[in-house]
Amino acid sequence: MMSSSKMNRREFLKRLGVLGGGVIIGFNTFDSRLWARKPRAGFLGAGVPTDFNAFLRIGVDNRVVLYTGKIEMGQSAMTSLPQLLAEELYVNVDAVDIVMGDTDLCPWDAGTFGSLSIRHFGVFLREAAVEARGALLELAADRLKAPIARLATENGYVFDSSRSTLRVSYGELTQGNIIEKHLDDLPPFKPPSAFKTIGESVPRRDAIEKVTGAAKFSGDIRREGMLYAKILRPPAHGAKLLQADTAAAKKIDGLQVVEEGDFIAVLHKYPDVAEQGLARIKAQFDRPKTGVNDRTIFDHLLKSPPAPEIASQGGNLKTGEKQAATIIEKTFYNSYVSHAPMEPHAAVANFDGKKLTVWASTQTPFRVKDMIAGQLGLSADQVRVIAPYLGGAFGGKSASQQALEAAHLAKRLRKPVQVAWSRAEDFFFDTFRPAAIVKIKSGIDSAGKMTLWDYNVYYAGMRGSKQFYEIPHHKEVVHGRWRGLSGRYHPFAVGPWRAPANNTNTYARDLQLNLMASKAGADPLQFRLAHLKDKRMINVLQAAAKKFGW
């Protein structure tokens with residue numbers, strides 16, 4: 001398979017032909033009213049396919065297949081995305097099947113994060129469905145010998161509005177063939193007032209499988225002849241392996257030992273025997289003496305922080321301080337936090353000599369595909385990543401180191417391999433939310449009006465650092481973001497954790513606002529409303545207050 005970001009229409013249709021008969025609707029460029037595309041770049045650098053039939057197939061049986069690089073990790077995307085497609089294509093949502101997170105079948109996608117599946121990918125999907133319906137109407141006009149203005153669609157059928165018995169199904173229009181059809185103009189989206197599927201509560205598609213235990217996660221994948229791998233881990237972050245004696249482990253019948261420098265793995269057809277083999281390895285490590293621990297970490301981080309970035313500013317801080325009758329200066333701390341999903345990291349890999357297939361618990365199948373290909377010296381079309389159900393992620397299943405470990409062992413041994421981290425490994429090698437410090441100096445005048453907001457956040461990041469209240473003299477400064485600071489600043493890997501940066505910045509800002517309201521002798525809600533002009537934020541606060549009975 002060629003890289004999705006470089007695939008042209010002919011190559012895509014050729015590849016899709018192996019999936020069986022159906023109609024593929026060719027799409028023109030994006031309507032600029034909906035999404036800018038100069039070019040349409042993804043969040044991680046690669047390009048989203050410009051041929052939008054990559055997201056949609058209509059079969060001869062009148063069923064629709066939705067292809068998406070998004071994954072299902074409990075957020076119900078596999079239920080909500082078909083609702084979007086069904087709405088704009090005018091089909092019953094039960095007639096829509098979905099294929100998710102398969103890099104051989106689905107179009108390129110940056111990954112599932114940031115709550116973007118609906119508000120970002122959903123625009124692409126709805127637009128694809130809108131143009132597909134328009135193309136089907138043109139095909140039906142020829143078939144029914146009726147003017148297109150008189151045609152309507154419902155539940156996967158096109159019919160003549162003046163003679164409802166004159167109708168044809170989408171599947172009949174396709175006749176099992178792949179059809180390219182372009183529209184000169186993109187039809188408009190269906191208005192919310194006409195929605196029949198979007199916004200409706202429908203049963204979760206994964207509900208029965210998950211409550212009965214039938215759902216397959218990466219750790220549930222089994223391949224014939226599969227070996228379970230256990231990997232020798234260091235006792236501390238940064239520890240270096242000095243020597244390892246694997247002789248006792250090798251005495252276990254059927255146990256295979258892989259030794260490649262610092263990387264040592266034991267494999268067996270039974271996972272408990274692999275664990276026994278790992279326990280027999282006698283290893284010596286050189287532990288680093290960093291002097292950094294849970295009591296010194298914040299001092300360590302503040303010694304030499306990254307260069308500052310100004311998020312926003314206005315007025316003059318010195319003037320704001322002079323105008324203040326009361327100054328409140330506080331420091332807030334956030335600790336390192338693990339994602340702790342119910343499902344630990346797991347992956348199964350199989351290499352047949354030509355193709356490496358990896359079933360991985362990952363939020364970013366395409367990024368993992370590129371990582372594996374690059375690390376193992378394979379071409380992109382030699383690697384296929386499939387993301388089954390994920391048992392939670394929260395940003396922690398982006399690095400996907402276990403997928404690379406399984407792929408490496410499978411390629412070397414030419415046997416299917418499972419790498420499933422223990423809960424201890426999951427906590428130890430997870431990418432943590434970075435520890436962070438927020439220093440805030442703020443002031444209010446004698447009338448209880450905010451005059452000063454001097455805000456400095458260290459290591460959390462930019463997102464959410466800008467304040468949105470009416471404060472005449474303010475400055476928000478960011479010292480280091482959560483991405484790319486592992487090793488030099490943090491003693492272990494850090495990464496995204498549920499709206500990275502926003503959680504830390506919101507936490508600190510609102511605690512400070514509560515302190516200011518208290519000093520001003522004001523209700524904390526009224527204090528905020530008195531300093532807001534943003535109508536949307538005012539509505540949010542009022543709605544929340546009403547809901548909570550404040």
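Taking a cutoff of 4.0 Å between a charged side-chain nitrogen and a carboxylate oxygen, Asp426 and Arg423 qualify as a salt bridge. A salt bridge links Glu343 to Lys397: at least one charged side-chain nitrogen sits closer than 4.0 Å to a carboxylate oxygen.
In this structure, His300 has its ring center at least 6.0 angstrom away from the ring center of Tyr489. For His474 and Trp453, the gap between ring centers reaches or exceeds 6.0 Å. His339 has its ring centre no less than 6.0 Å from the ring centre of Phe432.
Side-chain contact check for Trp359 versus Ile221: some heavy-atom pair is nearer than 4.5 Å.
Test Arg205, Arg204, Lys216 against Glu72 for salt bridge (charged side-chain N to carboxylate O under 4.0 Å, His left out) and you get one pass: Arg204. Under the side chain to side chain contact (heavy atoms under 4.5 Å, CB included) rule, Leu452 has a single partner from Lys475, Lys322, Lys318, Lys441, which is Lys441.
Between Gly495 and Pro434, the shortest heavy-atom contact is O-CD, 3.8 Å.
Both tests pass for Arg126 against the ring of Phe189: distance under 6.0 Å to the centre and angle within 45° of the axis.
Put simply, CE on Met73 and CD on Gln363 are 4.5 Å apart, with the number rounded to the nearest 0.5 Å. Taken from CZ in Arg528 to OH in Tyr469, the straight-line distance is 5.0 Å, to the nearest 0.5 Å.
No donor-acceptor distance shorter than 3.5 angstrom exists from the side chain of Ser218 to the backbone of Ala347, with no hydrogens or angles considered.
Under the side chain to side chain contact (heavy atoms under 4.5 Å, CB included) criterion, His237 pairs with Phe428, Phe492, sequence neighbours left out. With sequence neighbours left out, Lys210 forms a salt bridge (charged side-chain N to carboxylate O under 4.0 Å, His left out) with Asp206. Contacts of Thr153 classified as side chain to side chain contact (heavy atoms under 4.5 Å, CB included), with partners at least two apart in sequence or in another chain: Tyr90, Arg133, Leu137, Val158, Tyr170. The ring pair (Phe, Tyr, Trp, His ring centres under 6.0 Å) search around Phe121 returns Phe55, not counting sequence neighbours. Every residue was checked against the salt bridge (charged side-chain N to carboxylate O under 4.0 Å, His left out) condition with Asp454, not counting sequence neighbours, and none meets it.
Pairs engaging residues 530-550 under the ring-ring contact (aromatic ring centres under 6.0 Å, His included) rule: Phe527-His531 [sequence neighbours left out].
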Which is it for His490 and Tyr336 under the ring-ring contact (aromatic ring centres under 6.0 Å, His included) test, yes or no, and what are the steps along the way?
CA-CA 10 Å; His490 300 286; Tyr336 294 104; 5.5 Å; yes
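Within 6.0 Å of CD1 on Ile148 lie more than 12 heavy atoms contributed by other residues, nucleotides or ligands.
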